[in-house]
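Throughout, protein chains are lettered first and strands after them, A, B, ... in sequence-line order, and every chain is numbered starting at 1. Keep in mind that the numbers below use all heavy atoms, side chains included, and drop hydrogens, waters and symmetry copies.
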2 protein chains.
Amino acid sequence: MARKRRKTKAAPGSRAAVKFGPLENWVGFNLRMAQEAAFAAFSHLSREVGESPGRFAILTLIAENPGISQSALGDAAGRDKSSMTPVLEGLVRRGLVQRARADSDRRSYRLALTPAGEATRARMTACAKRHEKNLDRVLGRDRTRFMQVLKRLAAELD
Amino acid sequence: MARKRRKTKAAPGSRAAVKFGPLENWVGFNLRMAQEAAFAAFSHLSREVGESPGRFAILTLIAENPGISQSALGDAAGRDKSSMTPVLEGLVRRGLVQRARADSDRRSYRLALTPAGEATRARMTACAKRHEKNLDRVLGRDRTRFMQVLKRLAAELD
DNA sequence: TATTGTTATACTCTATAACTATA
DNA sequence: TATAGTTATAGAGTATAACAATA
């Protein structure tokens, strides 16, 4: 497999040797770079399914919590409920998610995946598994510890 | 310091115990969660300086590479040159960045920080250092290895 | 009064393609 | 022809505030 060389222009002016200075040694910056790289790799892997990483998380949360409300979903995803409206509108319109008013509280919806939604979720999960295999290749024996650290960061930062 | 309890409503329906299912065990998902938490913490710390993490990276890259062109800057930041235009327009308008046509190639600009830009960069750097201290508290002795893994991820994912 | 979900609105960040002025 | 930067335009994703329906 020949790896394509994309931007290595070795080029005019300062293009060849840009200095990153203190950015190199900051966890925050490197965390962002790693996340962007992983995000792009996953988007690329799953582009033919047509769902973004964000919508995949939504589908998974609904699958794992059938009957969940939009507000609870937003809380879980760390987004405002008003941000859920257009996302869910799209998923419902495309027949992936089913919404029904809850009998117990007629203000809220109970969300569930349709069979088509379940199929899409399954296809995205297959992409995620391939993606994780790629990540594992890079992580090697550091995986377990790395995951622990990521969870600590998410949990312990205000 | 009393920690404010924000969204822990322990509440109606499924709000209390949302299951994350396979998301829990995926590096990609946890990487995103950790990055978002770190990003939010840094944004909060630096809110009074008024620069976003992204613009801070730009300021740092210019400081480290005086005379850099907009295209080279975009390459370093992983963004298209057309995305640099509005960002730099703002930084120039606010007197933080100075642009001068390069004598050697009159198509390109040479970018540099103004004294005000340098002052802003310094203030943001102070925020970054406080942020890194907070991160170090969470990372503990895992820091070195964690950084290595982040760099591997950024470098080795297509 | 409080909460669920929607609406109206706006902001940030980003990209693609076509353009200009140089090279 | 090719490159540096701009413009026009668009899209994704997100938030705040006000609102109607229901609790």
Quick one: does Thr85(B) reach the base of dT7(D) with a side-chain donor-acceptor pair under 3.5 Å?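 When only heavy-atom distances are counted, Thr85(B) does not reach the base of dT7(D) through any donor-acceptor pair under 3.5 Å.
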Rounding to a whole Å, what distance do you find between [X]:[atom1] and [N]:[atom2]?
X: Glu89(A); N: dT14(D); atom1: CD; atom2: C1'; value: 16 Å
X: Ile58(A); N: dA12(D); atom1: CD1; atom2: P; value: 16 Å
X: Leu88(B); N: dT14(C); atom1: CG; atom2: P; value: 12 Å
X: Arg32(B); N: dT14(D); atom1: CZ; atom2: C1'; value: 13 Å
X: Lys81(A); N: dA2(C); atom1: NZ; atom2: C1'; value: 11 Å
X: Gln70(A); N: dA21(D); atom1: CD; atom2: C1'; value: 14 Å
X: Leu73(A); N: dT14(D); atom1: CG; atom2: P; value: 12 Å
X: Asp80(A); N: dT3(C); atom1: CG; atom2: P; value: 14 Å

If only atom types and distance count, is the side chain of Thr114(A) paired as donor or acceptor with the main-chain N or O of Leu96(A) below 3.5 Å?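 Flag set: sc Thr114(A) to bb Leu96(A) pair under 3.5 Å.
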Has Lys151(A) got a side-chain atom pairing as donor or acceptor with Glu24(B)'s backbone, closer than 3.5 angstrom?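 Side chain of Lys151(A) to backbone of Glu24(B), a donor-acceptor pair under 3.5 Å: yes, one is there.
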Locate the shortest heavy-atom distance separating [X] from [Y]; write the atom from each residue and the value.
X: Leu61(B); Y: Lys19(A); value: CD2-O, 3.7 Å
X: Leu139(A); Y: Arg152(B); value: O-NH2, 3.3 Å
X: Leu23(A); Y: Ala57(B); value: CD1-O, 4.2 Å

Name the residue closer to the 5' end of DNA chain D, choosing between Ser82(A) and Arg55(A) according to the nucleotide with the nearest heavy atom.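 Closest to the 5' end, via its nearest nucleotide, is Arg55(A).
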Using a cut-off of strictly less than 4.0 Å, decide whether [X] has a side-chain nitrogen or oxygen near OP1 or OP2 of [N].
X: Ser71(A); N: dT3(C); result: no
X: Ser52(B); N: dC13(C); result: yes
X: Ser83(A); N: dA15(D); result: yes

Strand-adjacent residues in residues 99-113 of chain A, judged by heavy atoms under 4.0 Å from DNA chain C: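 Residues of residues 99-113 of chain A that come under 4.0 Å of DNA chain C are, in numerical order, Arg99(A), Arg107(A), Ser108(A), Tyr109(A).
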When you check the gap from the basic side-chain N to the acidic O, do Arg123(A) and Glu51(A) get nearer than 4.0 Å?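 Here Arg123(A) does not pair with Glu51(A) in a salt bridge, since their nearest N and O are not under 4.0 Å apart.
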Do NZ/NE/NH1/NH2 and the carboxylate oxygens of Lys129(B) and Glu132(B) come within less than 4.0 Å?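 Result for this pair is no, no salt bridge flagged.
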